[in-house]
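This report concerns only the one structure given below.
Predicted model only: the values in this text are computed from it and were never measured.
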Amino acid sequence: MQSNGKKVAGIIMIVIGVIFLLVTVSVCGSFLFVEKMIELSVEQMEDEMDEFDELESTDGEIVYMDGNSDYSYGSDSYTEIGFYTEDGDYYEFSVDAYSSDYDEGDEIEVYYDAENPRNAFAPELLEGIIDGISGVFGLVGKIVGIVFGLLSLAFIIGGIVLLKGNRKTYDN
């Protein structure tokens, strides 16, 4: 009787281990896929920026940052950036983004339309945020892969040990 219980327990453990392995592959793969897609989007954005020959670039300065978020009403995080055009005119614009990689007073590259300098953006700020998000997806994917991978391995090995122990019981 007890050997049948070991056999059933061994089979159940192997099945659970295989299920954990499938979950690991799908979840880990999904997170790593999203990480890669984000990286490709950043690369595409950089390539498209290279095509904007008509845009001027200059060093801007982060003049204000607000990283507060109220998740019940949405995010109100933003960054204000000021810059001088080639003509010496000063402009400010805001980006609905915040990155802890930057502080007020930091320099950041700004691209603007010479004909309409109010049309400006700071891709470096957005790339940092996107890289951070990409990194989180990659890290979560790797952690899930390691934890569930080890867990599935433990169940499979435990199940095999129970089945092998069951054979020895029948041999005696």
Side-chain angles (χ1 to χ4, degrees), residues 17-156:
V18 169
I19 290 170
F20 277 147
L21 187 61
L22 293 174
V23 168
T24 300
V25 170
S26 63
V27 171
C28 181
S30 297
F31 275 93
L32 295 176
F33 175 76
V34 169
E35 175 192 29
K36 190 64 177 171
M37 293 308 297
I38 291 171
E39 289 173 2
L40 290 173
S41 295
V42 169
E43 289 175 14
Q44 182 179 0
M45 184 174 75
E46 289 171 348
D47 290 344
E48 288 175 4
M49 265 184 31
D50 291 340
E51 296 174 9
F52 292 135
D53 294 333
E54 68 274 0
L55 295 179
E56 300 291 330
S57 69
T58 187
D59 287 332
E61 180 181 339
I62 297 177
V63 294
Y64 181 76
M65 298 185 86
D66 185 354
N68 293 326
S69 293
D70 183 352
Y71 295 107
S72 60
Y73 296 107
S75 175
D76 61 351
S77 300
Y78 69 98
T79 303
E80 287 184 24
I81 301 169
F83 67 98
Y84 287 95
T85 63
E86 283 185 4
D87 299 334
D89 296 326
Y90 182 76
Y91 290 90
E92 284 188 8
F93 68 99
S94 64
V95 178
D96 291 335
Y98 170 83
S99 174
S100 60
D101 292 339
Y102 296 95
D103 294 313
E104 289 179 17
D106 285 353
E107 278 192 6
I108 191 165
E109 190 170 18
V110 173
Y111 290 86
Y112 67 94
D113 183 350
E115 293 178 18
N116 182 10
R118 295 188 197 295
N119 187 11
F121 64 102
E124 183 179 324
L125 177 68
L126 297 175
E127 286 175 15
I129 293 167
I130 292 170
D131 285 344
I133 293 169
S134 170
V136 167
F137 273 95
L139 180 64
V140 169
K142 291 169 188 157
I143 290 171
V144 166
I146 290 169
V147 169
F148 277 95
L150 291 174
L151 197 56
S152 65
L153 189 62
F155 271 100
I156 292 171

Looking at every heavy atom in both [X] and [Y], which two are closest together, and how far apart are they?
X	Y	value
Gly105	Glu61	CA-OE2, 3.6 Å
Cys28	Gly145	SG-CA, 4.0 Å
Glu80	Ser94	CG-CB, 4.0 Å
Glu92	Gly82	CG-CA, 3.8 Å
Phe83	Pro117	CZ-O, 3.3 Å

In a check of side chain to side chain contact (heavy atoms under 4.5 Å, CB included) between Ile81 and each of Val63, Val95, Asp106, which one passes? Val95
With rounding to the nearest 0.5 Å, note down the distance linking [atom1] in [X] to [atom2] in [Y].
X	Y	atom1	atom2	value
Glu56	Tyr111	CD	OH	11.0 Å
Ile156	Leu151	CD1	CG	10.0 Å
Glu86	Ser57	CD	OG	8.5 Å
Tyr64	Thr79	OH	OG1	10.0 Å

My understanding is that only residues two or more places apart in sequence, or in another chain, count here; which of them pass salt bridge (Lys or Arg N to Asp or Glu O under 4.0 Å) with Lys142? none
With side chains defined as the heavy atoms from C-beta onward, is the minimum distance between [X] and [Y] less than 4.5 Å?
X	Y	answer
Tyr91	Val110	no
Phe155	Leu21	no
Asp59	Ile108	no

Listed by chain and number, what are the side-chain hydrogen bond (donor to acceptor under 3.5 Å, both in side chains) partners of Glu104, not counting sequence neighbours? none
Got a sec, which residues hit ring pair (Phe, Tyr, Trp, His ring centres under 6.0 Å) with Tyr102, two or more places apart in sequence or on another chain? none
Partner set under ring pair (Phe, Tyr, Trp, His ring centres under 6.0 Å) for Tyr84, not counting sequence neighbours: Tyr90
Residue pairs passing the ring-ring contact (aromatic ring centres under 6.0 Å, His included) test with at least one member in residues 126-154, sequence neighbours excluded, are Phe20-Phe148, Phe31-Phe137
All side chain to side chain contact (heavy atoms under 4.5 Å, CB included) counterparts of Asp87, not counting sequence neighbours: Thr85, Asp89
